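Here is the structure we will look at, set down as structure tokens.
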Number of protein chains: 2
Amino acid sequence: MDDLTKLDGVPLYVKIRQSLRENILNGSYKRGEKIPSEEELSAQYGVSRMTLRHSINDLIDEGLLYRRQGVGTFVAHHHLARDHSRLTNFFENSRMDGLQVSEKVLDFRQIPAKYQVAKALNLKEGDPVICIKTLRFIETEPVTVHEAYIPMALFSDLLNMDIESQSQDLWGFYERCGYKVKRGVQRLEARQADEDLADMLSMQVGAPILYKERTLFSEDGTPIEFLYCFNRGDMYSITVSLLR
Amino acid sequence: MDDLTKLDGVPLYVKIRQSLRENILNGSYKRGEKIPSEEELSAQYGVSRMTLRHSINDLIDEGLLYRRQGVGTFVAHHHLARDHSRLTNFFENSRMDGLQVSEKVLDFRQIPAKYQVAKALNLKEGDPVICIKTLRFIETEPVTVHEAYIPMALFSDLLNMDIESQSQDLWGFYERCGYKVKRGVQRLEARQADEDLADMLSMQVGAPILYKERTLFSEDGTPIEFLYCFNRGDMYSITVSLLR
DNA sequence: GAGTGGTCTAGACCACCCG
DNA sequence: GGGTGGTCTAGACCACTCG
């Protein structure tokens with residue numbers, strides 16, 4: 001039993017979680033039905049009940065299972081698409097949908113932080129930040145103007161690099177600097193295109209824009225990036241899933 | 001030790017979690033700093049390490065702490081506002097901000113489900129649903145047209161009730177019927193007001209609308225409600241926080 | 001090597017739900 | 001009363017990080 005852990009370095013609760021997930025997804029455990037009790041399953045997998053509960057807790061967090069005290073553990077009726085409960089980035093998202101995406105760098109330089117940027121990044125007004133402004137395309141159509149600000153104090157290396165090679169994988173760059181993206185807070189508004197935006201996004205002045213402000217944080221809570229994002233209303237929607 | 005559990009019925013890990021949370025929020029444990037090791041803390045609280053880890057895991061989920069294997073457990077630098085990572089409803093939200101909110105019922109009747117509604121609620125096209133359409137006001141300003149559909153099969157009781165008394169607490173009504181709101185998936189778009197919307201929301205035709213579609217689910221994954229929501233762009237924004 | 005978190009055990013008693 | 005999940009223990013060994 002413990003041998004299994006040691007052989008491949010994969011914890012038992014991860015293997016059991018995977019096994020249970022397969023049973024749920026392939027229908028061995030049917031939607032709405034009770035799965036075997038924790039005692040039964042721990043005997044079946046040859047582990048202690050605590051270990052088995054670790055696996056089940058993970059699957060409950062994913063929304064695949066739910067518990068009713070004194071009754072049992074059940075398969076949820078509806079399985080939420082996992083993608084939408086997670087923070088993802090534009091290029092990941094679009095490429096998963098099989099779309100051709102590209103971008104053009106409009107601006108890239110160090111500037112002093114304005115009030116809102118400084119506040120979001122936990123800096124003082126005027127502290128140095130790097131501004132990366134890009135225009136993003138899906139299949140040759142311009143869809144998004146993207147204006148990101150990152151603290152110079154954390155990411156000054158970027159100025160010595162070729163921005164064209166980094167701009168499509170900023171999150172990877174952050175991670176290589178020791179700041180892995182873990183959480184984000186975003187605010188969404190409906191706006192209208194002004195002349196500049198209309199021009200860049202090939203739309204009419206006054207056409208709807210899905211406006212997004214977002215701050216990204218690493219696991220330790222350091223603000224990594226503050227972003228303004230202007231999305232063509234007719235080409236772009238945002239899906240999120242939330243817990244009560 | 002166990003006495004504590006029995007006296008008031010509050011589990012130890014909940015008490016310890018609360019104690020740790022207080023130490024973090026009042027600054028006894030400072031942002032970015034290491035808290036005592038798990039062994040130390042479990043001795044301090046007089047519990048086993050597994051119980052202590054239960055408390056810490058909860059605080060990590062909340063974003064207050066993070067772990068680094070082989071190093072220690074640390075207080076996160078930034079504490080996300082908890083409100084925004086959770087599904088909340090209009091009246092809760094606005095009243096917490098101290099605003100006067102009200103609503104007018106525009107439509108309330110049983111109809112056959114159209115394709116999109118049926119699909120979201122896991123019904124067949126034409127299955128009976130209840131439509132509740134309302135206009136919502138903040139401080140006498142109309143801000144939202146709200147069009148909810150709920151399965152007749154689950155909530156037929158509503159037809160015998162006074163909708164005016166229930167419409168501001170639909171989630172409470174769902175819960176009293178045995179379906180507690182637990183998860184939701186929403187999709188957001190920027191649109192423009194057509195003549196009807198412009199009229200209802202006292203705005204000009206073509207003005208920006210933050211459009212939202214949302215499906216609510218109970219813990220067991222049953223779809224409870226499907227919603228179309230048209231929000232005045234100049235009065236309404238939506239904030240969400242997400243995990244990577 | 002010392003200290004830390006990651007995993008795991010083999011039990012135990014309790015609270016809850018249902019027939 | 002019997003079955004279920006909820007909580008808890010007192011250890012153990014491992015993997016990782018750092019000085």
Side-chain angles (χ1 to χ4, degrees), chain A residues 1-20 24 29 32-61 64-76 178 180 182 219-220, chain B residues 1-20 24 29 32-61 64-76 178 180 182 219-220:
Chain A
M1 19 211 99
D2 243 15
D3 312 9
L4 294 179
T5 311
K6 286 163 200 154
L7 278 176
D8 54 11
V10 178
L12 286 173
Y13 76 89
V14 173
K15 291 182 184 171
I16 292 167
R17 183 179 67 199
Q18 183 54 26
S19 165
L20 291 171
I24 294 164
Y29 297 146
E33 285 185 3
K34 197 164 92 63
I35 69 173
S37 72
E38 296 181 350
E39 195 149 13
E40 233 172 304
L41 284 172
S42 51
Q44 184 180 312
Y45 284 109
V47 298
S48 73
R49 205 178 133 212
M50 287 298 269
T51 300
L52 182 88
R53 275 176 70 80
H54 193 162
S55 308
I56 290 187
N57 285 336
D58 288 351
L59 295 173
I60 287 173
D61 286 344
L64 287 179
L65 295 175
Y66 65 99
R67 286 200 184 95
R68 287 173 56 195
Q69 187 173 4
V71 185
T73 304
F74 298 79
V75 180
K180 190 169 174 180
K182 185 69 183 176
E219 187 179 45
D220 68 2
Chain B
M1 20 212 102
D2 244 17
D3 312 8
L4 294 177
T5 311
K6 286 165 203 152
L7 278 176
D8 53 12
V10 178
L12 286 173
Y13 77 89
V14 173
K15 292 181 183 171
I16 293 168
R17 183 178 68 199
Q18 183 54 25
S19 165
L20 291 171
I24 295 164
Y29 297 146
E33 285 185 4
K34 197 165 91 63
I35 68 172
S37 73
E38 296 181 350
E39 196 150 13
E40 233 172 304
L41 283 173
S42 51
Q44 184 180 314
Y45 284 109
V47 299
S48 74
R49 206 179 131 213
M50 287 298 269
T51 301
L52 182 88
R53 275 175 69 80
H54 193 161
S55 308
I56 290 187
N57 285 335
D58 288 350
L59 295 172
I60 288 174
D61 286 344
L64 288 178
L65 295 175
Y66 65 100
R67 286 200 184 96
R68 287 173 56 196
Q69 186 174 6
V71 185
T73 304
F74 298 79
V75 180
K180 190 171 175 178
K182 183 70 181 176
E219 188 178 45
D220 68 2

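Owing to the predicted nature of the structure, the values given are computational and were not obtained by experimental measurement. Proteins come first, then strands; the chains are lettered A, B, ... in the order of their sequence lines, and each starts at number 1. All values below were derived from every heavy atom in this structure, side-chain atoms included, with hydrogens, water molecules and symmetry-related copies excluded.
Spacing between atom CG of B:L65 and atom C1' of C:dG6 amounts to 17 Å, rounded to whole angstrom units. One can place CD of A:Q69 at 6 Å from P of C:dC17, the figure rounded to the nearest angstrom. We find that CD1 of B:I56 is positioned 12 Å from P of C:dT4, with the value rounded to whole Å. Remark: P of D:dT4 and OH of A:Y66 are 16 Å apart, rounded to the nearest angstrom. Across the protein-nucleic acid pair, B:L59 atom CG and C:dG5 atom C1' stand 16 Å apart, rounded to whole Å. With rounding to whole Å, B:Y13 atom OH is found 7 Å from D:dC8 atom P. If you take CD1 of B:I16 and C1' of D:dT9, they are 13 Å apart, rounded to a whole angstrom. Atom CZ of A:R68 and atom P of C:dC16 are 15 Å apart (whole Å).
Salt-bridge formation is not detected for the pair A:K180/A:E219: no Lys NZ or Arg NE/NH1/NH2 atom is positioned less than 4.0 Å from an Asp or Glu carboxylate oxygen.
Listed by residue number, there are no residues of residues 37-45 of chain B with a heavy-atom contact under 4.0 Å to DNA chain D. Residues from residues 47-55 of chain B that place a heavy atom under 4.0 Å from any atom of DNA chain C, listed by number: B:R49, B:M50, B:R53.
Annotation: the span from A:L20 atom CG to A:L52 atom CG amounts to 6.5 Å, rounded to 0.5 Å. Interatomic distance, CD1 of A:I24 versus CG of A:L65, reported as 4.0 Å (0.5 Å rounding). Between atom OG of residue B:S42 and atom CZ of residue B:R53 there is a gap of 11.0 Å, rounded to the nearest 0.5 Å.
B:V14 is listed as a side-chain neighbour of B:R17, based on a closest heavy-atom distance under 4.5 Å.
For A:T51 (side chain) and A:Y13 (main-chain N/O), no donor-acceptor pair under 3.5 Å exists by modelled atom type.
For the residue pair A:Y45/A:S19, the side-chain donor-acceptor check at 3.5 Å is satisfied. Side chains of A:N57 and A:R67: a donor on one and an acceptor on the other come within 3.5 Å.
Between B:T73 and C:dT4 there is no side-chain polar atom (N or O) within less than 4.0 angstrom of OP1 or OP2.
Heavy atoms of other residues, nucleotides or ligands lying less than 6.0 angstrom from CD of B:E39 number 12 at most.
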